[in-house]
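When reading the values below, keep in mind they use all heavy atoms of this one structure, side chains included, and skip hydrogens, waters and symmetry mates. Atoms within each ligand, like the ligands themselves, are counted from 1 in listed order.
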Amino acid sequence: MTTPADPWGDQFNHEERALLAPFVTDLDAPIFGLCNLPEVVKGALFSRYSRTDKSLRRILLDEFIQAPESGFAAIVGSARENGADQLVAVRQAEAFYERVLIGYGDDSVAELGGAHVACEGVSNIAAKALEDARIGISPLEKSTRYVVFNRKLAGQYRYLREPGIMASAYACAYQSALDGLFDTYSALLDPTIAAVRAHSPRDAQTSERAYASATRAKACDLLRGLLPMATLTNVGLFGNGRAFEYLLTKLYASPLPELRTVAGAMQHALDALIPSFVKRAKTERGQAQQAYLRAMRERVAVVSREYQQREIADSAARSLAAEPTGVSLVEFDPDAEAKVVADILYPHSDLPLAEVRALAAALPAAERLAILRAYVGERGSRFHKPGRAFERPVYTFDILADLGAYRDLQRHRILTQERQHYTTRHGYVTPPELVAYDLAAPYAQAIERASTLAEQIAAELPEPAQYAVPLACRVRWRISINLRAAYHLAELRSSPQGHPAYRQVAQAIYAHIRAVHPTLAEGMRFVDMGDYALERLDAERRLDAKLGAQPQ
Ligand SMILES: Cc1cc2nc3c(=O)[nH]c(=O)nc-3n(C[C@H](O)[C@H](O)[C@H](O)COP(=O)(O)OP(=O)(O)OC[C@H]3O[C@@H](n4cnc5c(N)ncnc54)[C@H](O)[C@@H]3O)c2cc1C
């Protein structure tokens with residue numbers, strides 16, 4: 001297919017073409033990409049679209065490449081020779097980019113440039129805070145399934161020695177209890193792998209590579225409950241400037257010193273890459289926003305104190321730790337089916353929504369089902385998702401599950417999630433496999449010791465105490481999710497290779513929706529309700545097939 005010529009009739013002479021060539025994927029086509037340009041230049045360039053009739057290539061040439069105040073030659077020239085100089089050049093030309101961005105853009109202009117930031121050696125509490133950003137940030141975190149967490153650095157296990165705790169009378173007990181968790185993790189690793197292998201022997205169709213990977217992953221899954229929230233990990237984030245700016249603002253407003261330190265360090269990294277896009281996190285406006293977030297938290301802490309006293313009186317009769325792990329459906333719309341049907345019909349009608357709704361509500365059940373089935377069709381895989389009409393019903397779930405499961409499910413973004421404190425009050429979960437392998441006693445002992453300590457610290461230092469809470473402990477959180485996102489979550493997170501803790505939550509979410517809205521759940525064909533001894537095995541066998549490996 002030939003691409004049409006430049007629709008703006010821009011003519012570039014030979015010299016201009018040579019200047020532009022390194023920075024565009026095509027000199028003539030109307031659809032082209034930008035390359036070899038720093039993020040701030042790309043963002044500023046796009047921001048001009050809203051105020052000019054010129055083509056982007058013309059703007060690039062006239063207003064950037066050939067404008068001395070843009071610092072273009074220094075920024076781009078030094079990029080080729082020395083990356084460090086490029087950062088200096090970006091900073092030197094910041095005033096120019098500020099002017100362009102402020103002059104021609106609104107807040108969303110900061111979405112036009114992005115950055116990759118590595119956050120290494122942050123606690124699991126910080127990792128969750130970083131991953132709490134939903135729009136505009138894509139995180140990736142070191143896995144507790146594929147990486148063992150018992151390596152020491154300079155003779156010490158890698159967990160956060162939280163400054164508040166280290167300055168308190170609990171410093172020694174904190175280190176001793178957390179060392180105990182890591183020692184137990186280390187001591188149980190080989191026996192757990194051996195027990196997994198003994199209980200699920202390799203068959204002739206499975207290669208040793210696939211089997212070794214699957215059994216080791218299973219052992220890591222079983223032992224991850226021993227890791228405390230203080231465990232240090234690595235998180236890589238790719239995001240746009242606007243999302244980073246908001247994330248920084250939230251982190252600066254945190255009550256936890258670690259998060260404020262992480263914010264400062266991230267700001268430093270981002271200032272070198274996309275300074276104009278993130279600077280407001282620390283300006284007067286950013287500080288006012290931080291103050292607003294802090295004050296909101298503090299006001300609610302005050303008003304909720306009275307209710308906490310009542311809760312304590314109410315819960316005195318029941319043991320919080322004895323509550324069953326599980327998922328409760330707290331809210332759903334009993335009229336959802338008719339509303340979804342109306343939303344399906346709406347784009348094909350020219351009536352107002354209220355009238356389409358009245359029509360759908362009056363339809364016999366069989367006709368409504370036929371419309372739903374026509375909409376969902378034959379889904380060939382979980383990637384075939386029904387459309388936006390399925391975003392109408394929203395379900396609210398209250399979940400009590402171990403922190404490991406929360407850690408995994410928290411990563412979903414197309415929903416609303418909010419959790420309570422990381423605490424030991426709801427007890428902890430012991431994987432039944434460890435009981436079957438006769439390895440549960442040391443596991444329980446280490447977790448109970450850390451839990452007791454976390455409770456003691458919490459009486460004095462409630463925020464820092466969260467670092468001592470092991471991942472085996474249960475946390476309560478709510479999820480409000482629309483049906484379309486629930487299809488995605490329940491199908492993805494019930495897949496056989498997933499961790500059993502979050503598979504159970506995904507399966508329960510599906511079962512609840514099916515119970516109240518059977519016709520709407522009918523299309524959720526890819527929820528896997530099975531149980532698997534070696535969750536990773538099938539995925540490893542598929543990897544073998546890709547690698548062309550033979551069973552050994
Ligand atoms: C088997 C398995 C192993 C995993 N291992 C790891 C691991 O080792 N490390 C790790 O960090 N995470 C891991 N994850 C988590 C994973 O990276 C996702 O964060 C998580 O599964 C949420 O899925 P999602 O992004 O599809 O869902 P949601 O965030 O709920 O998003 C739903 C859908 O919306 C779209 N969407 C949402 N946001 C964006 C965006 N910014 N850009 C484009 N499209 C978007 C996508 O289509 C997405 O599927 C693992 C997940 C699974 C299932």
Side-chain angles (χ1 to χ4, degrees), residues 108 111-112 114-120 122 124 126-149 213-214 216-218 220-221 224 227 231-244 246-247 379 381-388 390-391 394-395 397 399 404-418 471 477 479-507 509-510 524 526-528 530 532 534-543:
S108 61
E111 292 169 33
L112 299 175
H116 287 87
V117 180
C119 300
E120 302 197 345
V122 298
N124 266 255
K128 290 296 94 187
L130 293 169
E131 293 165 357
D132 199 47
R134 286 176 298 181
I135 295 184
I137 302 245
S138 301
L140 203 86
E141 182 188 341
K142 180 163 128 181
S143 169
T144 52
R145 167 178 267 185
Y146 308 112
V147 185
V148 290
F149 275 72
S213 283
R216 191 180 135 103
K218 176 77 183 180
C220 288
D221 275 358
R224 75 172 182 188
L227 301 173
T231 306
L232 299 183
T233 189
N234 298 334
V235 183
L237 303 169
F238 172 70
N240 68 55
R242 191 185 202 183
F244 272 126
Y246 183 47
L247 176 57
R379 299 181 66 220
S381 77
R382 69 178 176 81
F383 298 102
H384 300 172
K385 290 183 210 161
R388 291 188 180 180
F390 273 33
E391 291 177 17
V394 175
Y395 304 85
F397 298 99
I399 303 173
Y406 167 74
R407 242 178 105 255
D408 289 328
L409 293 173
Q410 183 254 6
R411 290 282 304 277
H412 285 272
R413 293 158 291 183
I414 313 296
L415 40 53
T416 302
Q417 304 197 60
E418 238 177 351
L471 294 187
W477 81 102
I479 288 184
S480 292
I481 186 167
N482 72 51
L483 179 64
R484 194 178 185 205
Y487 264 62
H488 174 68
L489 188 148
E491 292 182 343
L492 173 71
R493 293 305 194 151
S494 65
S495 57
Q497 73 267 34
H499 192 289
Y502 71 65
R503 290 193 67 234
Q504 283 160 18
V505 175
Q507 289 166 343
I509 286 178
Y510 164 65
M524 281 182 165
F526 301 101
V527 178
D528 189 319
Y532 301 90
L534 273 184
E535 291 83 7
R536 281 288 311 161
L537 194 58
D538 266 354
E540 292 296 342
R541 285 193 189 123
R542 284 197 299 276
L543 184 60

Working note: Val394 + Thr416, criterion side-chain contact (heavy atoms from CB on, under 4.5 Å); need CA distance, chi angles, decisive distance, verdict.
CA-CA 10 Å; Val394 175; Thr416 302; over 6 Å; no
Taking atom CZ as the centre, does Arg388 end up with more than 12 heavy-atom neighbours from other residues, nucleotides or ligands that are less than 6.0 angstrom away?
no
Ion pair Arg493/Asp408, N-O distance below 4.0 Å:
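A salt bridge is absent here (no side-chain N lies under 4.0 Å from a carboxylate O).
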Is it true that Arg541 and Asp538 have a side-chain N and a carboxylate O under 4.0 angstrom from each other?
yes
Is [atom] touching the protein, meaning some protein heavy atom lies under 4.0 Å away?
atom	value
atom 44 (N) of ligand 1	no
atom 37 (C) of ligand 1	yes
atom 6 (C) of ligand 1	no
atom 50 (C) of ligand 1	no

Counting heavy atoms only, which of [options] is nearest [atom]?
atom	options	value
atom 32 (C) of ligand 1	Asn240, Ile414, Leu492, Ile137	Ile414
atom 15 (C) of ligand 1	His499, His412, Arg493	Arg493
atom 16 (C) of ligand 1	Arg382, Gln417, Glu141, Arg411	Arg411

Ligand 1 contact on Arg145 by region, counting heavy-atom pairs under 4.0 Å
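Contact part for Arg145 vs ligand 1: neither.
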Protein residue, atom and distance nearest to [atom], heavy-atom basis:
atom	answer
atom 28 (P) of ligand 1	Arg413 N, 3.5 Å
atom 24 (P) of ligand 1	His488 NE2, 3.6 Å
atom 47 (O) of ligand 1	Lys385 NZ, 4.0 Å

Tell me if a side-chain donor or acceptor on Gln410 pairs with a main-chain N or O of Lys128 at a distance below 3.5 Å.
yes
Cationic tip of Lys218 above Tyr532 ring, under 6.0 Å, 45° of axis
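Here Lys218 fails the 6.0 Å and 45° test against Tyr532.
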